[in-house]
Amino acid sequence: MDVKKTFIICKPDAVERGYVGEILSRVERKGLRIVAAELRTLTGETLSEHYAEHVDKPFYSDLVSFMTRGPVLVAVVEGPDDVVKVLRTMMGATNPTEALPGTIRGDLATEMTENLIHGSDSDESADREIKIFFPDLF
Ligand code: IDP
Ligand code: MG
């Protein structure tokens with residue numbers, strides 16, 4: 001089976017609440033490999049590129065305020081062919097109210113915006129996002 005990459009962000013709420021270790025530990029326990037990771041404070045400019053699909057949405061300004069209010073942990077995760085899907089399943093639904101117990105959002109979050117983790121939603125998104133945050137990996 002191919003080795004594939006996906007991109008995750010442990011959002012500012014994860015750093016503030018001390019859940020970066022918990023999240024990375026879940027990723028590792030699942031059998032995925034962290035191949036790059038860095039604590040960074042994101043800018044509005046980087047976020048408008050990363051969240052290009054959302055810039056016109058009504059929640060975008062709240063999302064940017066949240067995502068820039070403190071450091072995040074950006075990371076590249078390697079795993080099997082369907083690593084993008086594996087990680088999305090571990091994250092749970094976008095709305096933590098709907099995220100199932102056993103998922104990161106289902107176990108640890110309650111708010112729609114502050115939902116602890118970003119994960120790429122397709123192989124194409126993963127490539128695009130890794131290029132934004134870790135251009136040297138290519
Ligand atoms: P995802 O993170 O599960 O891929 P997206 O729809 O890509 O979800 O949304 C990006 C992020 O924007 C979400 O994780 C969440 O933080 C925030 N968000 C999405 N939809 C809403 C909303 O309706 N209200 C408030 N925040 C939202
Ligand atoms: Mg998304």
Side-chain angles (χ1 to χ4, degrees):
M1 206 152 40
D2 273 1
V3 176
K4 283 271 180 61
K5 290 182 175 58
T6 190
F7 172 71
I8 67 169
I9 305 177
C10 298
K11 296 182 177 182
D13 55 340
V15 176
E16 289 160 10
R17 297 173 64 200
Y19 283 159
V20 172
E22 163 82 25
I23 292 168
L24 296 184
S25 167
R26 285 178 181 230
V27 169
E28 290 188 320
R29 269 150 51 205
K30 184 71 176 172
L32 309 179
R33 211 159 67 89
I34 295 153
V35 296
E38 192 178 14
L39 205 63
R40 288 187 205 166
T41 302
L42 303 182
T43 63
E45 195 183 345
T46 301
L47 283 165
S48 64
E49 201 181 347
H50 171 67
Y51 277 137
E53 66 186 295
H54 296 313
V55 289
D56 296 324
K57 304 262 174 76
F59 60 82
Y60 187 69
S61 63
D62 284 347
L63 180 59
V64 172
S65 303
F66 163 53
M67 291 295 292
T68 56
R69 82 174 179 213
V72 300
L73 191 284
V74 290
V76 178
V77 174
E78 215 170 64
D81 213 23
D82 55 356
V83 65
V84 165
K85 190 168 179 216
V86 171
L87 209 291
R88 293 286 300 189
T89 301
M90 292 175 68
M91 285 163 55
T94 304
N95 184 349
T97 302
E98 286 159 18
L100 295 176
T103 65
I104 293 165
R105 289 163 168 171
D107 286 346
L108 306 172
T110 57
E111 280 182 48
M112 182 68 159
T113 304
E114 304 201 9
N115 58 6
L116 293 172
I117 181 166
H118 164 82
S120 308
D121 62 9
S122 66
D123 288 346
E124 295 68 34
S125 301
D127 279 356
R128 191 182 72 80
E129 293 168 5
I130 292 167
K131 282 194 179 96
I132 296 171
F133 290 92
F134 292 98
D136 296 343
L137 279 189
F138 284 89

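Counting starts at 1 for both ligands and their atoms, in listed order. Quick caveat: nothing in here was measured; it's all calculated off a predicted structure.
In this structure, OH on Tyr51 lies 11.0 Å from NZ on Lys57, to the nearest 0.5 angstrom.
Considering only residues two or more places apart in sequence or on other chains, Asp127 meets the salt bridge (charged side-chain N to carboxylate O under 4.0 Å, His left out) condition with none of them. Listed by chain and residue number, nothing satisfies the side-chain contact (heavy atoms from CB on, under 4.5 Å) test with Ser61 (two or more places apart in sequence, or in another chain).
With 3.5 Å as the limit, one finds no donor-acceptor pair spanning the side chains of Arg69 and Ser65.
The list of side-chain hydrogen bond (donor to acceptor under 3.5 Å, both in side chains) pairs with a residue in residues 98-111, not counting sequence neighbours, reads Arg26-Asp107.
Between Phe7 and Val77, the closest side-chain pair of non-hydrogen atoms is not below 4.5 Å.
Protein residues are said to neighbour a ligand when one of their heavy atoms lies under 4.0 Å from it; for ligand 1 these are Lys11, Tyr51, His54, Phe59, Leu63, Arg88, Thr94, Arg105, Met112, Thr113, Asn115.
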